[in-house]
Engineer: 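Here's a structure for you.
As a basis for the values below, the full set of heavy atoms in this structure was taken, side chains included, without hydrogen atoms, waters or symmetry mates. A quick note: this is a predicted structure, and the numbers were derived from the prediction, not measured.
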Amino acid sequence: LSCNQRFVELWEIPQSVIDSGDEQQYLASMVDKFTNLGEFINEVENLYNDVEKSVRDEIDLGDGRTFERYCAPINSVRGEYFGRVWYFRDITERKQAEQSLLRTNSVLKAQQEASIDGILVVDEYRESISYNQRFIDLWQIPQSTIETGKHEAIFASILDKLENPEEFVSTLEYLFEHPSESCRNEIYLKNEKTLERYIASVLSLGGDNYGKILYFRDITERKQVEAKLREQTQELENALQKLQHTQVQLIQSEKMSSLG
């Protein structure tokens, strides 16, 4: 039995056990640290029964730590089996970071899907990397196009519906070349819908540019209401002008009558 100082530190092996050099004492000092001791013992027995087998996995400890474990047979150049070598690495911080990232991504995804806007994220290489269901519904992108996973097909589906696809492309290219700038305007579709579009940069805390995020909101009904209000306002103004003109005529008529 041989181990290095890092093994002793990871497993918190007492000095008395180290001095004994006894394998059973080593195992006895480790058993209380497992969340699933039976599984570990079974795996050890299986590995010693199968002298050709290697394994790489993760084990969870009762104190909340996670170790990456790798075990492989030790063979001579002639193939003689001499035992096994075990490697353990503390990956607790990495696992915690992964869980934190997963949690953050889940929250962001939930926010994305709850948004009334269609959202598209395009990376610095002009490839679409994320979008929500509202984006798919808004642009009526076929499921077959989505399943290809190809950004070219998704963009082609968008451009095909625009009255002015050249403006869409040129604006996006300009903003990629000027990452500090953003854009908010209205775009018009061939089906007579009007979308409000907002484009901004995706920047890291350090200022690294990761691409663009595009928001699309269907404002067709709002524009129709605004147009109707403008029409009604114009009608009221016209009616008021006619009324004023009639009043002027009446006043003039009354004056002529008084003079007559």
Engineer: Please go through Val77's hydrophobic cluster and name the other residues, only I, L, V, M, F, W, Y counting, with side-chain heavy atoms under 4.5 Å joining them.
Structural biologist: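 Members besides Val77: none; it forms no cluster.
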Engineer: Do any N or O atoms from the side chain of Ser253 and from the backbone of Leu250 form a donor-acceptor pair under 3.5 angstrom?
Structural biologist: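 No: the side chain of Ser253 does not pair with the backbone of Leu250.
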Engineer: Using side-chain contact (heavy atoms from CB on, under 4.5 Å), reason through Glu152 and Glu127 one step at a time and then give a plain yes or no.
Structural biologist: CA-CA 8 Å; Glu152 297 94 341; Glu127 295 187 3; 5.9 Å; no
Engineer: Any link between Ile213 and Leu175 through a network of hydrophobic side chains (Ile, Leu, Val, Met, Phe, Trp, Tyr) touching at under 4.5 Å?
Structural biologist: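 No.
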Engineer: Quick check: do Gln25 and Ile13 have side-chain heavy atoms less than 4.5 Å from each other?
Structural biologist: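 Contact flag for Gln25/Ile13 side chains = no.
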Engineer: Answer yes when Glu43 and Arg69 have at least one side-chain N-carboxylate O distance shorter than 4.0 Å, and no when they do not.
Structural biologist: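 So Glu43 does not pair with Arg69 through a salt bridge.
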Engineer: Are Asn36 and Glu39 linked by a side-chain donor-acceptor pair shorter than 3.5 Å?
Structural biologist: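 A donor-acceptor contact under 3.5 Å links the two side chains.
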Engineer: With rounding to the nearest 0.5 Å, note down the distance linking CZ in Arg103 to CD in Gln96.
Structural biologist: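 Interatomic distance, Arg103 CZ to Gln96 CD, rounded to 0.5 Å: 10.0 Å.
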Engineer: Considering residues, nucleotides and ligands other than Tyr215, do more than 12 of their heavy atoms fall under 6.0 Å from its OH?
Structural biologist: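 No, because the 6.0 Å sphere around OH of Tyr215 holds 12 heavy atoms or fewer from other groups.
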Engineer: Calculate, to the nearest 0.5 Å, the distance between atoms CG and CG belonging to Leu195 and Leu214 respectively.
Structural biologist: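 Going from CG on Leu195 over to CG on Leu214, the span is 12.0 Å.
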Engineer: Assess the residue pair Gln15 and Asp19 against the criterion (side-chain hydrogen bond (donor to acceptor under 3.5 Å, both in side chains)); give the C-alpha distance rounded to whole Å, side-chain angles, the decisive distance to 0.1 Å, and a yes or no.
Structural biologist: CA-CA 6 Å; Gln15 187 61 46; Asp19 294 338; 2.9 Å; yes
Engineer: Please list, one pair per line, the donor and acceptor atoms closer than 3.5 Å that link side chains of residues 236-246 to other protein atoms, with sequence neighbours excluded.
Structural biologist:
unit_1: Asn238; atom_1: OD1; unit_2: Gln234; atom_2: NE2; d: 3.0
unit_1: Asn238; atom_1: ND2; unit_2: Gln234; atom_2: O; d: 3.3
unit_1: His245; atom_1: NE2; unit_2: Gln249; atom_2: NE2; d: 3.1
unit_1: Thr246; atom_1: OG1; unit_2: Lys242; atom_2: O; d: 2.8

Engineer: Taking the side chain as every heavy atom from C-beta outward, state whether Leu189 and Leu162 have any atom pair closer than 4.5 Å.
Structural biologist: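 Yes - at least one pair of side-chain heavy atoms lies under 4.5 Å apart.
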Engineer: Nearest 0.5 Å, what's the CG-CD distance between Asp32 and Glu12?
Structural biologist: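 That separation rounds to 9.0 Å.
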Engineer: Does Ser204 use its side chain to pair, donor to acceptor, with the backbone of Gly206 at less than 3.5 Å?
Structural biologist: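 Yes; judged by distance alone, with no hydrogens or angles, the pair exists.
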Engineer: Could you walk me through whether Val122 and Phe155 satisfy the side-chain contact (heavy atoms from CB on, under 4.5 Å) test, starting with their C-alpha distance in whole Å, then the side-chain angles of each, then the deciding distance to 0.1 Å, before giving a yes or no?
Structural biologist: CA-CA 11 Å; Val122 183; Phe155 271 102; 3.9 Å; yes
Engineer: Report whether Ile136 and Leu138 are members of the same hydrophobic cluster (ILVMFWY, side-chain heavy atoms less than 4.5 Å apart, transitive linking).
Structural biologist: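 Cluster IDs for Ile136 and Leu138 match.
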Engineer: Answer yes or no: is there a donor N or O on one side and an acceptor on the other, between the side chain of Thr171 and the main chain of Glu167, under 3.5 Å?
Structural biologist: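 Yes.
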Engineer: Side chains of Thr66 and Asp60: do they bring a donor and an acceptor to under 3.5 Å?
Structural biologist: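 There is such a pair between these side chains.
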Engineer: List the steps and the verdict of salt bridge (charged side-chain N to carboxylate O under 4.0 Å, His left out) for Lys212 and Glu124.
Structural biologist: CA-CA 7 Å; Lys212 296 291 177 184; Glu124 62 270 38; over 6 Å; no
Engineer: Taking it one step at a time, do Gln5 and Val8 satisfy side-chain contact (heavy atoms from CB on, under 4.5 Å)?
Structural biologist: CA-CA 5 Å; Gln5 184 60 36; Val8 172; 4.2 Å; yes
Engineer: Between Ser54 and Pro73, is any pair of side-chain heavy atoms under 4.5 Å apart?
Structural biologist: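 Side-chain contact under 4.5 Å: yes.
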Engineer: Report the relative orientation of the aromatic rings in Phe7 and Tyr26; use parallel for angles under 30°, tilted for 30 to 60°, perpendicular for over 60°.
Structural biologist: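 Tilted, since the angle between the ring planes falls between 30° and 60°.
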Engineer: Decide side-chain contact (heavy atoms from CB on, under 4.5 Å) for Phe67 and Glu58; before the verdict, give the C-alpha distance in whole Å, the side-chain angles of both, and the deciding distance to 0.1 Å.
Structural biologist: CA-CA 6 Å; Phe67 286 177; Glu58 297 175 3; over 6 Å; no
Engineer: Mind checking whether Leu172 and Ile199 have side chains closer than 4.5 Å, heavy atoms only?
Structural biologist: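 SC-SC contact between Leu172 and Ile199 confirmed.
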Engineer: Let me confirm one number: the CG-NZ distance from Leu10 to Lys33, rounded to the nearest 0.5 Å.
Structural biologist: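 Separation between the atoms: 11.0 Å.
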Engineer: Over 60° means perpendicular and under 30° means parallel, so classify the ring planes of Phe40 and Trp11, tilted if in between.
Structural biologist: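 Ring orientation, 0 to 90° scale: tilted.
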Engineer: Would you find more than 12 non-hydrogen atoms of other residues, nucleotides or ligands less than 6.0 Å from Glu93 atom CD?
Structural biologist: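 No.
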Engineer: State plainly whether one hydrophobic cluster holds both Ile219 and Ile187, where clusters connect Ile, Leu, Val, Met, Phe, Trp and Tyr through side-chain heavy atoms under 4.5 angstrom apart.
Structural biologist: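 In one cluster: no.
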Engineer: Treating Ile, Leu, Val, Met, Phe, Trp and Tyr as nodes and any side-chain heavy-atom pair under 4.5 angstrom as an edge, say whether Ile41 and Ile59 lie in one connected cluster.
Structural biologist: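 Same hydrophobic cluster.
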Engineer: Is there a side-chain contact between Ile158 and Phe168 in this structure, where contact means two heavy atoms from C-beta onward sitting under 4.5 Å apart?
Structural biologist: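 The answer is yes; the side chains approach within 4.5 Å.
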Engineer: Are Val169 and Phe135 co-members of a hydrophobic cluster defined by side-chain heavy atoms under 4.5 Å apart?
Structural biologist: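 Yes, it is one cluster - the side chains of Phe135 and Val169 are joined through contacts under 4.5 Å.
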Engineer: Which atom pairs, donor and acceptor, lie under 3.5 Å between side-chain atoms of residues 81-90 and protein residues at least two apart or in another chain?
Structural biologist:
unit_1: Arg84; atom_1: NE; unit_2: Leu47; atom_2: O; d: 3.0
unit_1: Arg84; atom_1: NH1; unit_2: Lys53; atom_2: O; d: 2.9
unit_1: Arg84; atom_1: NH2; unit_2: Leu47; atom_2: O; d: 2.8
unit_1: Arg84; atom_1: NH2; unit_2: Asp50; atom_2: O; d: 2.7
unit_1: Arg84; atom_1: NH2; unit_2: Lys53; atom_2: O; d: 2.7
unit_1: Asp90; atom_1: OD1; unit_2: Thr92; atom_2: N; d: 2.9
unit_1: Asp90; atom_1: OD1; unit_2: Thr92; atom_2: OG1; d: 2.5

Engineer: For the pair Asp160 (side chain) and Ala156 (backbone), establish whether a donor and an acceptor sit closer than 3.5 Å, ignoring hydrogens and angles.
Structural biologist: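 No; judged by distance alone, with no hydrogens or angles, the pair does not exist.
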Engineer: Please examine the side chains of Phe216 and Trp139, heavy atoms only from C-beta on, and report whether any two atoms are closer than 4.5 Å.
Structural biologist: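 When only atoms from C-beta onward are counted, Phe216 and Trp139 do touch, with a gap below 4.5 Å.
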Engineer: Hey, what do you get for CD (Glu192) to CD (Glu163), rounding to the nearest 0.5 Å?
Structural biologist: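 Glu192 CD to Glu163 CD: 8.0 Å, rounded to 0.5 Å.
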Engineer: Looking at residues at least two apart in the chain, or sitting in another chain, which of them share a side-chain contact (heavy atoms from CB on, under 4.5 Å) with Gln143?
Structural biologist: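 So Gln143 forms a side-chain contact (heavy atoms from CB on, under 4.5 Å) with Ile146, Glu147.
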Engineer: Run the side-chain donor-acceptor check on residues 179-186: report pairs under 3.5 Å with partners two or more places apart or on a different chain.
Structural biologist:
unit_1: Glu181; atom_1: OE1; unit_2: Tyr174; atom_2: OH; d: 3.1
unit_1: Glu181; atom_1: OE2; unit_2: Tyr174; atom_2: OH; d: 3.0
unit_1: Asn185; atom_1: OD1; unit_2: Arg197; atom_2: NE; d: 3.1
unit_1: Asn185; atom_1: OD1; unit_2: Arg197; atom_2: NH2; d: 3.3
unit_1: Glu186; atom_1: OE1; unit_2: Tyr188; atom_2: OH; d: 3.2
unit_1: Glu186; atom_1: OE1; unit_2: Lys223; atom_2: NZ; d: 3.2
unit_1: Glu186; atom_1: OE2; unit_2: Lys223; atom_2: NZ; d: 3.2

Engineer: Any donor-acceptor pair under 3.5 Å linking the side chain of Ser170 with the backbone of Glu166?
Structural biologist: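 Answer holds: yes.
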Engineer: Would you mind reporting whether Thr145 and Pro142 have side-chain heavy atoms less than 4.5 Å apart?
Structural biologist: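 Yes; the side chains approach each other to less than 4.5 Å.
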Engineer: Please identify each residue that fulfils side-chain contact (heavy atoms from CB on, under 4.5 Å) with Gln112, with sequence neighbours left out.
Structural biologist: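 Result, side-chain contact (heavy atoms from CB on, under 4.5 Å) vs Gln112: Lys109, Ile119, Val121, Ser130, Asn132.
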